[in-house]
Number of protein chains: 2
Amino acid sequence: MKERQTKSRLAIRELLVSAKQPLSATELIEALLRLGLAVNKTTVYRELEKLLKKNEISEVDFGEGQKRYELTHGDHHHHAVCTECRAVVELEIEGRLGDILSMVTKQSGFRIEKHLIEFFGVCEACQS
Amino acid sequence: MKERQTKSRLAIRELLVSAKQPLSATELIEALLRLGLAVNKTTVYRELEKLLKKNEISEVDFGEGQKRYELTHGDHHHHAVCTECRAVVELEIEGRLGDILSMVTKQSGFRIEKHLIEFFGVCEACQS
DNA sequence: TCATTTAACGCAACTTAGTTGCATCTGTCA
DNA sequence: TGACAGATGCAACTAAGTTGCGTTAAATGA
C-alpha cells in the first residue's frame, strides 16, 4: 500500500520544510505539541527514519549528543552555528574541500567516504 | 589538599597515555575491568572531567552519540577514522585550514571559535 | 457508504550515555 | 596514628533513541 497522508506525517514534513535550521527530534515533538498535535516520540523517530531512507532529509551532527535533521537540498554542505542564539548559517566551502580531501587521502591512505565539518562561534547579532 | 594518587586514577591515566586512539568512557571502563579494576562509571566520568579541566585530555567527537578522549598533544588536530576496523589516524591539515576559516568567517559574519572536522572511510588494510 | 486491509500509531518498557546526591572510604599530612 | 577532605560507589535519575505489540484509522474496492 502507498504511504498514508496522516496528520502527523504532514505536520512533521511541514515543520521540516519551513524550518530555518536543522531540527532535533525533541524540537519537532515540541513544535508539534504547539500545533496541538501530541505526537508520540516513537512516531516522530519512525517518520524521520523513513524520510532519511527516502533521502528527503539529511542528518546533521553538531556534536550535541543528539541528531538534527534538515531537508535535503543541493549537495552535502556545512554550517556555522552560533553558540549564543543557536542561529545556523549554511556555508559554501565545497571549492576548498577538494584539496583538503586529497591531502587527507594522501596522509592517511584511507578511501575517504564521508566527513563531519561544522563551525561554531558567535553570530553578528550576538557579537554586539 | 592535593590530588590523590589512587589506583583508578593512575590506571585511567595510563590507559589514556598508551591508547592508540581516542577512548570512550565505556571503553575505559571495560579496559579497567580487564586490568582487574572494577571502577564505577561515575568515577570514570568524574576523572575524565578533571583531566579535561586540567587540559590533560581533549574531547573528540566522531558523531557516534558518545564522546571520546585522547591525551592533549600539540595543537588541535583532526582524524581519519576507519569505518571497518575503527583504526584512527591523526591528520595534519592545519595548513589548509586557514583559508577555509577565513572563507567561513566571510560567508557567515560569525566570529568562529571552534570547529568539528573529522573524516571517515576505509583504511588501507581494510581495503584489500 | 461501508467493510476490509494494513500502514501508522501509541504505549510501555528498554537501552545507552551521562549526571547527581549522599553516605562511605581512604590517601595524605601533621 | 588520627583527622580532614578528596575520591569512590551506589542508586536513582535524565535524555536520546529503540523495540514489541496491541490498537487505530487511512485508503481502497465493492
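Proteins come first, then strands; the chains are lettered A, B, ... in the order of their sequence lines, and each starts at number 1. Since the structure is predicted, the reported quantities are computational estimates derived from the model, not experimental observations.
Listed by first then second residue, pairs satisfying salt bridge (charged side-chain N to carboxylate O under 4.0 Å, His left out) with a partner in residues 94-103 of chain A read A:R96-B:D99, A:D99-B:R96, not counting sequence neighbours.
In this entry the distance linking CD1 of B:I29 with P of D:dC10 reads 13 Å, nearest Å. Computed from coordinates, the B:L48 CG to D:dT8 C1' distance equals 15 Å when rounded to whole Å. Atom CD in B:Q5 sits roughly 6 Å away from atom P in C:dT28 (whole-Å rounding). Nucleotide D:dA7 holds its P atom 12 Å from the CG atom of B:L10, rounded to whole Å. Whole-Å rounding puts the B:E49 CD to C:dT19 P distance at 7 Å.
Here A:S108 pairs with nothing under the side-chain hydrogen bond (donor to acceptor under 3.5 Å, both in side chains) rule; sequence neighbours left out. A:E64 meets the salt bridge (Lys or Arg N to Asp or Glu O under 4.0 Å) test with A:R68, A:R86; sequence neighbours excluded. Every residue was checked against the side-chain hydrogen bond (donor to acceptor under 3.5 Å, both in side chains) condition with A:T105, not counting sequence neighbours, and none meets it. For A:A19, the side chain to side chain contact (heavy atoms under 4.5 Å, CB included) partners at least two apart in sequence or on another chain are A:L23. Under the salt bridge (Lys or Arg N to Asp or Glu O under 4.0 Å) criterion, A:E70 pairs with no residue at all, not counting sequence neighbours. When the side-chain hydrogen bond (donor to acceptor under 3.5 Å, both in side chains) test is applied to A:E49, no partner is found at least two apart in sequence or on another chain. Residues passing the salt bridge (Lys or Arg N to Asp or Glu O under 4.0 Å) test with A:K20, sequence neighbours excluded: none.
For the helix from C:dT1-D:dA30 to C:dA30-D:dT1, the end axes, each set by the C1' atoms of five terminal pairs, are bent relative to each other by 10° (nearest 10°).
Contact between the side-chain N/O atoms of A:R9 and the OP1/OP2 oxygens of C:dA8 is found at a separation under 4.0 Å. An OP1 or OP2 oxygen of D:dT8 is reached within less than 4.0 angstrom by a side-chain nitrogen or oxygen of B:T6.
With hydrogens and angles ignored, a donor-acceptor pair closer than 3.5 Å exists between the side chain of A:R4 and the base of C:dA7.
Using the six-membered ring where Trp is involved, B:H77 and B:H73 have ring planes that are tilted, between 30° and 60° apart.
Using a 4.0 Å cut-off on heavy atoms, none of the residues of residues 51-64 of chain A approach DNA chain C.
Residue contacts for B:K7: at a heavy-atom cut-off of 4.0 Å it reaches no nucleic acid atom on any strand shown.
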Nucleic acid footprint by protein, nucleotides 10-18 of chain C - heavy-atom cut-off 4.0 Å, B for base, S for sugar-phosphate alone
BBB----SB
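Note on B:R13 versus B:E47: salt bridge recorded, some NZ/NE/NH1/NH2 to OD/OE distance being below 4.0 Å.
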Atom pairs and distances, side-chain donor-acceptor, residues 118-128 of chain B, under 3.5 Å, sequence neighbours left out:
{"from": "B:E118", "atom 1": "OE1", "to": "B:H79", "atom 2": "N", "distance (Å)": "2.8"}
{"from": "B:E118", "atom 1": "OE1", "to": "B:H79", "atom 2": "ND1", "distance (Å)": "3.0"}
{"from": "B:Q127", "atom 1": "NE2", "to": "A:G109", "atom 2": "O", "distance (Å)": "3.2"}
{"from": "B:Q127", "atom 1": "NE2", "to": "B:V122", "atom 2": "O", "distance (Å)": "2.9"}
{"from": "B:S128", "atom 1": "OG", "to": "B:A125", "atom 2": "O", "distance (Å)": "3.0"}

